[in-house]
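Residues: numbered from 1 along the sequence shown.
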Amino acid sequence: MAMFSHPQQGIAQDDVVKLRQAAGAYLRSLREAAGLSQRNLAKAVGIEHYTFISQIESGRGRVPPAQMADWAAALGVSSREFAINLMRYYDPLTFELIFTEEVVGKLLAGGTAKSTDNAQDLEARIAKLETLLAGR
């Protein structure tokens, strides 16, 4: 069994590049919908150089996990849904393990994943995943 230190290991490099570019397009669309320039977004999330936003949007970087809530707030979206959508691009293997087809379909269609049933299902899946990982 292979051990991976990075969530995207185990995925072909070309696919990783495509995922990063798709994440960048997603982020750019949120920024534009919020009416923000790259410079304004950088200021809102506490990034000194707005060129970092450009790098992320072009697929050459990632939103740092510790800043996801700040990004979500600046972009006017739910931090939970923002993190879930970024997980789809940044950690697709874990994303597939956790989310049901129903939740994924809603997210891809621009819907929400807020129903109590889905939240309970997610909690059960996370608990099962934690149990499986603890047994290794």
Side-chain angles (χ1 to χ4, degrees):
M1 171 178 259
M3 295 290 292
F4 301 118
S5 61
H6 189 279
Q8 290 178 327
Q9 287 183 338
I11 300 173
Q13 186 61 34
D14 287 347
D15 291 337
V16 170
V17 169
K18 289 177 186 172
L19 285 166
R20 290 276 178 93
Q21 289 170 340
Y26 164 70
L27 293 166
R28 185 180 317 105
S29 71
L30 289 177
R31 178 180 57 76
E32 290 173 350
L36 296 171
S37 68
Q38 290 178 345
R39 191 178 305 270
N40 295 138
L41 178 57
K43 184 176 180 179
V45 298
I47 295 173
E48 188 175 340
H49 302 286
Y50 76 92
T51 55
F52 184 63
I53 304 296
S54 175
Q55 290 172 351
I56 292 173
E57 288 183 356
S58 66
R60 292 184 314 242
R62 306 167 46 127
V63 174
Q67 292 183 342
M68 282 190 189
D70 294 336
W71 279 65
L75 295 168
V77 297
S78 152
S79 58
R80 181 177 182 272
E81 299 233 358
F82 184 73
I84 289 170
N85 275 308
L86 286 183
M87 179 187 275
R88 178 176 55 176
Y89 303 114
Y90 294 164
D91 190 357
L93 301 176
T94 303
F95 181 84
E96 286 181 26
L97 287 172
I98 294 174
F99 295 100
T100 65
E101 291 178 20
E102 177 185 337
V103 173
V104 173
K106 284 183 181 180
L107 289 172
L108 292 175
T112 63
K114 293 181 181 176
S115 84
T116 304
D117 292 341
N118 287 339
Q120 290 171 346
D121 183 52
L122 176 59
E123 292 293 332
R125 288 173 174 269
I126 289 171
K128 185 175 180 178
L129 182 59
E130 288 172 341
T131 301
L132 290 171
L133 292 173
R136 291 185 180 198

### Message
Can you list everything that forms a side-chain contact (heavy atoms from CB on, under 4.5 Å) with Gln55? Sequence neighbours excluded, please.
### Response
Phe52, Arg60

### Query
How long is the gap from NZ on Lys18 to CG on Asp14, to the nearest 0.5 Å?
6.0 Å

### Backbone of Glu81 reached by a side-chain donor or acceptor of Asn85 within 3.5 Å
yes

### Message
Using side-chain heavy atoms (C-beta onward) and a distance below 4.5 Å, is Val17 in contact with Gln21?
### Response
yes

### Query
How many angstroms lie between atom CZ of Phe95 and atom CZ of Arg88, to the nearest 0.5 angstrom?
6.0 Å

### Query
Do Leu86 and Leu27 have side chains that get closer than 4.5 Å, going by heavy atoms?
yes

### Query
Atom CD1 in Ile98, atom CG in Asp91: separation rounded to 0.5 Å?
8.0 Å

### Task
Specify the closest pair of heavy atoms between Ile56 and Arg62, including all atoms of both residues, with the distance to one decimal.
CD1-O, 3.5 Å

### Parallel, tilted or perpendicular: rings of Phe82 and Trp71 (30°, 60°)
parallel

### Query
Hey, are the side chains of Leu75 and Leu41 touching, using non-hydrogen atoms and a 4.5 Å cut-off?
yes

### Message
When you measure from the side chain of Tyr90 to the backbone of Ala23, do you find a donor-acceptor pair of N or O atoms at a distance under 3.5 Å?
### Response
no

### Task
Please name all residues satisfying side-chain contact (heavy atoms from CB on, under 4.5 Å) with Glu32, sequence neighbours left out, ordered by chain then number.
Arg28

### Query
What pairs with Tyr50 under side-chain contact (heavy atoms from CB on, under 4.5 Å), at least two apart in sequence or on another chain?
Gln38, Arg39, Ala42

### Message
Ignoring hydrogens, what is the shortest heavy-atom contact between Ala74 and Leu36? Give both atom names and the distance.
### Response
O-CD1, 3.4 Å

### Query
What are the two closest heavy atoms between Ser79 and Ala69, and how far apart are they?
CB-CA, 4.2 Å

### Task
Any chance you could measure Arg31, atom CZ, to Ile53, atom CD1, to the nearest 0.5 Å?
8.0 Å

